[in-house]
Amino acid sequence: MLGIIIWLIVGGVIGWIASMIMRTDGQQGIFLNIIVGIVGAFLGGWLGGVLGIGGGTINSGAFSLSGLLLSLVGAIVLLAIVNLFRRGRVR
């Protein structure tokens, strides 16, 4: 149970940081930040595997700096894809 709570908190923080970087923070609430952080961590883990970077993400329980950065990159890529479809351009 404690692992899920930490997963939600870290996912929310990663989603919030990604939304600040992509300037979408005013459009998102805490719930969307959590979703962006968690889905972005999955995307970051997949991209890391494809590119051969390795390292875990928050979804694999790897709370290392490289895992958190990989999750952040995945969340930023996710927001860029959403912006591309929503506005027709990456912000």
Side-chain angles (χ1 to χ4, degrees):
M1 181 68 174
L2 186 62
I4 293 172
I5 294 170
I6 292 172
W7 189 51
L8 292 172
I9 291 171
V10 173
V13 170
I14 288 174
W16 175 68
I17 292 170
S19 67
M20 295 289 282
I21 292 170
M22 294 299 292
R23 297 184 192 122
T24 60
D25 190 46
Q27 303 163 358
Q28 295 180 195
I30 185 72
F31 184 69
L32 274 176
N33 282 338
I34 293 171
I35 290 175
V36 165
I38 293 171
V39 174
F42 280 115
L43 184 62
W46 179 78
L47 285 173
V50 168
L51 297 175
I53 296 172
T57 61
I58 63 167
N59 295 326
S60 63
F63 287 102
S64 63
L65 184 59
S66 64
L68 293 174
L69 288 175
L70 194 58
S71 298
L72 178 63
V73 167
I76 290 170
V77 168
L78 177 66
L79 286 175
I81 292 170
V82 168
N83 283 340
L84 184 65
F85 283 108
R86 186 184 297 164
R87 296 187 183 101
R89 62 181 161 82
V90 176
R91 199 173 202 182

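Nothing here was measured: the structure is a model prediction, and the numbers come from that model.
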List for me each residue that meets side-chain contact (heavy atoms from CB on, under 4.5 Å) alongside [X], sequence neighbours excluded, and say none if there are none.
X   : value
L79 : A18, S19, M22, T24, Q28, V36
I35 : F31, V39
I9  : I5
V73 : V77

**Gap between atom CD1 of I76 and atom CD1 of I17 - 0.5 Å precision** = 9.0 Å
**Request:** Hey, could you give me the CG/CG distance between L43 and L78, rounded to the nearest 0.5 Å?
**Result:**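 The CG atom of L78 is 6.0 Å from CG of L43, to the nearest 0.5 Å.
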**Item:** side-chain contact (heavy atoms from CB on, under 4.5 Å) between L8 and I38, worked out
**Value:** CA-CA 8 Å; L8 292 172; I38 293 171; 3.9 Å; yes
**Request:** Determine whether W16 and I21 fall in the same hydrophobic cluster, where Ile, Leu, Val, Met, Phe, Trp and Tyr are linked whenever their side-chain heavy atoms lie under 4.5 Å apart.
**Result:** yes
**Message:** Starting from M20, can I reach I81 by hopping between I/L/V/M/F/W/Y residues whose side chains sit under 4.5 Å apart?
**Reply:**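 Yes; M20 is reachable from I81 via cluster members.
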